[in-house]
Protein chains: 2
Amino acid sequence: MVEELKKSSRRAGTTGVRKSRYILEEQIGFVLRQVTQRHVVIFGSLMPSGITPTQFSVVNMLDRLGHCSQNQLGRLVSMDAATVKGVIDRLSAKGITQTEQDQNDARQLLVSLTAEGRVLAAECQKAAIKISDETLAPLTTAERKRLLTLLKKVA
Amino acid sequence: MVEELKKSSRRAGTTGVRKSRYILEEQIGFVLRQVTQRHVVIFGSLMPSGITPTQFSVVNMLDRLGHCSQNQLGRLVSMDAATVKGVIDRLSAKGITQTEQDQNDARQLLVSLTAEGRVLAAECQKAAIKISDETLAPLTTAERKRLLTLLKKVA
DNA sequence: CGTCATTCATTTGTATACGAACAATACTGG
DNA sequence: CCAGTATTGTTCGTATACAAATGAATGACG
């Protein structure tokens, strides 16, 4: 069955034209999903306290900001308002974040880390460095830089 | 608030050491998520019949294989058995795929495209080519090749 | 000042995504 | 042939992810 695939990958035809065929496994979307999968596995094995990639982004951003409205936070970490709400709910349930109503704007919900959350943020960052490194382990330093540069161009 | 971020990006210290700080937005995981987000938006705008990226992978693979057991199919498109089940259920509900019990192995569920599914697969592939192109639009041909090569190394 | 567009947060619905536990079936070595 | 192991598909629970609809509050502007 896998043989089947390889064979079909080679029947380009003998006309000189070579109409570059479509190969799913070579498409940016497909590879992107695979890379993300590997990264998530590494993340799960190195990040403590069951913190997920999404949760870490929020925690790290809050650690930098101190406090922030929920929507604004979402924009900073590239998350939908609905997604952020779920993340904050779960983090707050774990005692990592806390929320309060903004005094100046009754619509806004101010989010911040708890004392416990700030301690965790520091541990997480240490793990995060290892995680990025492990994810990029197959590449040289120059390649890592090149990959990040290219990815940022298509983000 | 955004200013806050930029400022903090520059307080590396005046000792010559420069302990390369951790910047969330420069991490492979974070950028990967952003790139995927943009790709999914493009995908949604160009793919017909509300076919999702995941569903397309399955449809495209089945179009190549003819038929395949559900688990094997999952392996070929890098999807969990539980995930594939959901995808096939939804595709079958839409009349795009069909399943039958394997005669030789009572455990296996053979999955294949319906006649309708085969027609759709052809349309989808045309769209998929545009989608990959649009996603990589910010890059030159050489850069696209480089990016794919690097991504495949870390997949 | 009041209306109207905007912003904020929430809720609902759909689709991934995967670990873990399970039952049914197949295979393998003795 | 049979006990133990492996494979296949299913189900459940949890966590993203986002569109769309909604209600409350704010801001702009005539």
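In the text below, chain A, chain B and the rest are named by the order of the sequence lines, each starting its count at 1.
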Return the value, rounded to whole Å, for the distance between atom [atom1] of [X] and atom [atom2] of [N].
X	N	atom1	atom2	value
A:Leu109	D:dA24	CG	P	17 Å
B:Asp89	C:dT14	CG	C1'	14 Å
B:Gln101	C:dA24	CD	C1'	11 Å
B:Gln108	D:dT8	CD	P	6 Å
A:Leu73	D:dA17	CG	P	14 Å
A:Lys85	C:dA9	NZ	C1'	8 Å

Could you check whether any side-chain heavy atom of B:Gln55 comes within less than 4.5 Å of a side-chain heavy atom of B:Lys94, counting everything from C-beta outward?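 Yes. Closest side-chain heavy atoms under 4.5 Å.
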If we only count heavy atoms from C-beta on, is the B:Leu147 to A:Leu147 side-chain gap below 4.5 Å?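 Yes, close enough: below the 4.5 Å cut-off.
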When we call it a touch if two heavy atoms are under 4.0 Å apart, what does [X] touch: a base, just sugar-phosphate, or nothing?
X	value
A:Asp80	base
A:Thr52	sugar-phosphate
A:Ala106	sugar-phosphate
A:Val87	sugar-phosphate

Polar side-chain contact A:Arg107-D:dT26 base: donor and acceptor under 3.5 Å: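 There is none.
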Is the distance from OP1 or OP2 of [N] to the nearest side-chain N or O of [X] less than 4.0 Å?
X	N	result
A:Thr54	D:dA17	yes
B:Gln70	D:dT10	yes
B:Gln55	C:dT16	yes

Where each residue is assigned the nucleotide of DNA chain C containing its nearest heavy atom, which of A:Ala82 and B:Lys94 is assigned the position nearer the 5′ end?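 Looking at the nearest nucleotide for each, A:Ala82 comes out on the 5' side.
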5'-most by nearest nucleotide on DNA chain C - A:Gln37 or A:Arg75: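 The answer here is A:Arg75.
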Please walk me through it: do B:Gln34 and A:Lys152 pass side-chain contact (heavy atoms from CB on, under 4.5 Å)? CA-CA 9 Å; B:Gln34 290 183 314; A:Lys152 282 196 273 189; over 6 Å; no
CD of B:Gln103: more than 12 outside heavy atoms within 6.0 angstrom?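 No.
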